[in-house]
Amino acid sequence: MMKSVMEVLLLLMLFFTAHAKEKSYSPPEKTTQTRCRSPEKETFTCWWEPGSDGGLPTTYALYYRKENSETVYECPDYHTAGENSCFFNKNDTSIWVNYNISVVATNALGRAFSDPVDIDVVYIVEPNPPEKLTVVVMEDKGWPFLLVSWEPPHKADTRSGWITLIYELRVRLEEEEDDWEMHHAGQQKMFNIFSLRSGGEYLVEVRCKPDHGFWSEWSSTSYVKVPDFFSALIFLILTWLLHMNSHSLKHCILPPVPGPKIKGFDNKLLKNGNSDEIFSALVVPNFPPASASKYEEMLVEYLEVYVPEEPELMLEESKDLLDGCLKSLNSRSDSDSGRGSCNSHTLLMDKCGETKEEERQTNRESSLMETQGWKEEAINHDTSGKVKTWPSVYSPLPQYGSNPLDKQSSLETAKQHSLSTSSFLIQPGTKDALGPSYTDFCLSNKENHLHPQTLAHRALQTRSDVNISNIGCKRSPATEYVEVQRVNKEDMVLLQPVVSRCGHIEGCPNLPKGEDYSKLKGVDCDNRLLLQREGTGEDVCPCVEQETNREGGNCYTSSTVSTTQKPTACMYTAMPLQEETAVTLNGYVDTATMGNLPSC
Amino acid sequence: MALKKTDGSKLLMAVVCLVAVCSSVPISDLLDRASQGSDKLHALSTIISQDLNSHFPPIGQEIMPRPSMCHTSSLQTPSDKQQTLQVSESDLLSLARSLLQAWSDPLLVLSASANTLHHPDQTSISNQIQELQLHSKSLGDGLDILSGKMGPAAQTISLLPFSGGNDIGQDRISQLINFNFLLSCFRRDSHKIDSFLKVLRCRATKAQPQMC
């Protein structure tokens, strides 16, 4: 009773005061915008918007009712979630249950009930934004990309599968506001962003949403700066290009000054001042060629033969002339024997000047005639196409078809042979005898230079023909092979016959056909080996008989002459050795090493 | 002849079994597929509800029956996270299957009444209901296969008969209201199914945390 009276009095007083102050009080307005949210489907919070309070202190109360009961409960917690809110903790939260919530505003003058709201917690899930957003600039084959990673909000229980969250990113350049690039990331917690601008500064944000809920707020922004890869790359490329082309650039910009440089010239020596040493470097070794032994080496395996025109002439050889010729020949000859012989030819011509002109002519004529015949004969015997000691005899006639290849090679070697041999062809005997021979020889040698094969061969033929037809030696020895027994003190080759199957029969049937051998026809009185031309038998030279120790000198039987090619033509060679022994290792006479031939 | 036949059939059986075993999909994949299906189902139902509520008479909200009147409310389901996580896998699957099974008939009713619904979005609603039906069917089949791999407890289904019959109302308002109510029941139940399956999925793929 007293209380109610007091209340009425109070109200009247307020009324009067308000009225006195021209102010009105009213009951509160009902609250509006009741909004509830659950961040993790385990708790939820409701907020309301208070209305006008009516000028009076107003209190708010939230009441809720669950769907299966009529019990009205009041909000357990008004403070955790802030002002005008109600927080429902785990114990007070049930899911798949409808809550009927209403807020009551109360002031001194009245109450106001808000519109009730039906909520089911599972439908109001709005998680917190993702946490720990990290953005790292990575490189993929030289191009940068952003590796963005984050974690779900710590309250959301995604590990048990209670909440399934899906994420979304947004990126933009700092200078481009509101131009966000959205990326849907699904359930994954990391994402790569490509197509970046080098040197740009980017802002990255992420948010999440439960499978049947609301999107969270955007996370806090992550700032990242992409290094200037592009310009760095350009810089690197340029540097690399410069480095690669540094030499050519250097040459372009600073062309090198050519400096004089003499091969073998040591500048340091020059500084030292010893002129001998300096110029020794300039001296080309082995020039001009000095040693005669070189020639001999060059003329290895060449048979040095000479063909005397007439046997009588051989007897009357002029030693001096020979020596002179030989010496000149030797001195002038070099690797190109033809040349040497040409030079010596002039010399020889001078020396041979006193020859019988007539004799020469006649001889030549006869020899020429005989040459023809000989030629034919010679050709007939060229069955095997082997290169003989007079290779030119056979070589220039291609229609007598030997193996062309062989011929070719034989031609070459024949050339060599003829040239080389011609250089050493000497004419023993008197001036007279020598004259025509020499002339012929010399001429042939000269012409050798132009037509080496034909002329030489003709000349050689001539000689051979003459020699054969005019053989004056009495003997008709058997043909056989010999080998060098030893070389005696006087540098004479002592020969001994190889096992010979033929006796003193003309036309030995079983001529041993060693490839590198030429049969010795005989030895003339002056110790000259007469070699036999190889043949099928038509023109078999009479065999040479063995003889020893004749006339003080040593007349020896045939010797085998080994050459690289196959010397076959019968020829008459004078092969007494000089100072130098020319015995090769295999016991054959190496004519190449022979120097001056003595006069017979 | 008969012997041969039996031998042949045995061989055939053996081959089929072998093939079945060899081509069996792991449970985690099956669960993943199922949860995707349930997710789709719930999403559809949400869309339909939203369409329906866009042009719903305000009075309907007030006189709408309570969700507790859903025919599946008798089924005891966990009501919070703690409870849910304590339920065994088999039970969870059983619950999901039961709920889904309970809606096979009501969905037919919904589908039928959607054709005559007095609503501006009636055609789209009707189409979506059809889709809902299909999804529900395929999910049911998938869950049946799953249950076969998860033991006998998963095989049990609680029967939840629908007593609404084919009639959802005489007048337009009641039709709409009933339709809405049914749909809301379905929406919740589909959410339950979805939640259960996703919990199961997470449990089955312990080695792949990215699935959760």
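The sequence lines fix the lettering, A, B, ..., with proteins before strands; numbering per chain opens at 1. None of the values given here were measured: they were computed from a predicted structure.
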Exercise. Would B:Lys192 and B:Thr77 count as a side chain to side chain donor-acceptor pair (under 3.5 Å) if you check the C-alpha gap in whole Å, the side-chain angles of each, and the deciding distance to 0.1 Å?
Worked result: CA-CA 9 Å; B:Lys192 282 185 187 175; B:Thr77 55; 3.0 Å; yes

Exercise. Considering only heavy atoms, which portion of A:Gln188 lies under 4.5 Å from any heavy atom of chain B: side chain, backbone, both, or neither?
Worked result: neither

Seminar exercise, completed: Applying a strict 4.5 Å limit to non-hydrogen atoms, the region of B:Ser79 in contact with chain A is both

Exercise. Which bit of B:Asp194 is near chain A, if near means a heavy-atom gap under 4.5 Å: side chain, backbone, both or neither?
Worked result: side chain

Problem set entry | Contact leader toward chain B among A:Gln187, A:Lys41, A:Lys90, A:Lys189, where contacts are heavy-atom pairs under 4.5 Å | A:Gln187

Exercise. With a 4.5 Å heavy-atom cut-off, do A:Arg207 and A:Trp218 have their side chains touching?
Worked result: yes

Problem set entry | Proximity breakdown for A:Ser94 and chain B, heavy-atom pairs closer than 4.5 Å | both

Exercise. Backbone N or O of A:Phe88 within a donor-acceptor pair of the A:Asp92 side chain at under 3.5 Å?
Worked result: no

Exercise. Between B:Asn115 and B:Ser126, is there a donor-acceptor pair closer than 3.5 Å when you use the side chain of the first and the backbone of the second?
Worked result: no

Exercise. In terms of side-chain heavy atoms, does A:Thr134 have a donor or acceptor partner in A:Ser149 at a distance below 3.5 Å?
Worked result: yes

For this session: Find the one option among B:Lys198, B:Arg203, B:Gln83 whose heavy-atom pairs under 4.5 Å with chain A are most numerous.
Result: B:Lys198

Exercise. Would you say the side chains of B:Asp91 and B:Ser88 form a donor-acceptor pair under 3.5 Å?
Worked result: yes

Problem set entry | Interface residue of largest heavy-atom contact number with chain A, from B:His191, B:Arg187, B:Lys81, under 4.5 Å | B:Lys81

Exercise. Where on B:Arg201 is there a heavy atom nearer than 4.5 Å to chain A: the side chain, the backbone, both, or neither?
Worked result: side chain

For this session: Under 4.5 Å, counting heavy-atom pairs only, tell me which of A:Thr93, A:Val122, A:Val97 racks up the most with chain B.
Result: A:Val122

Problem set entry | Cysteines A:Cys86 and A:Cys46 with SG distance under 2.5 Å | no

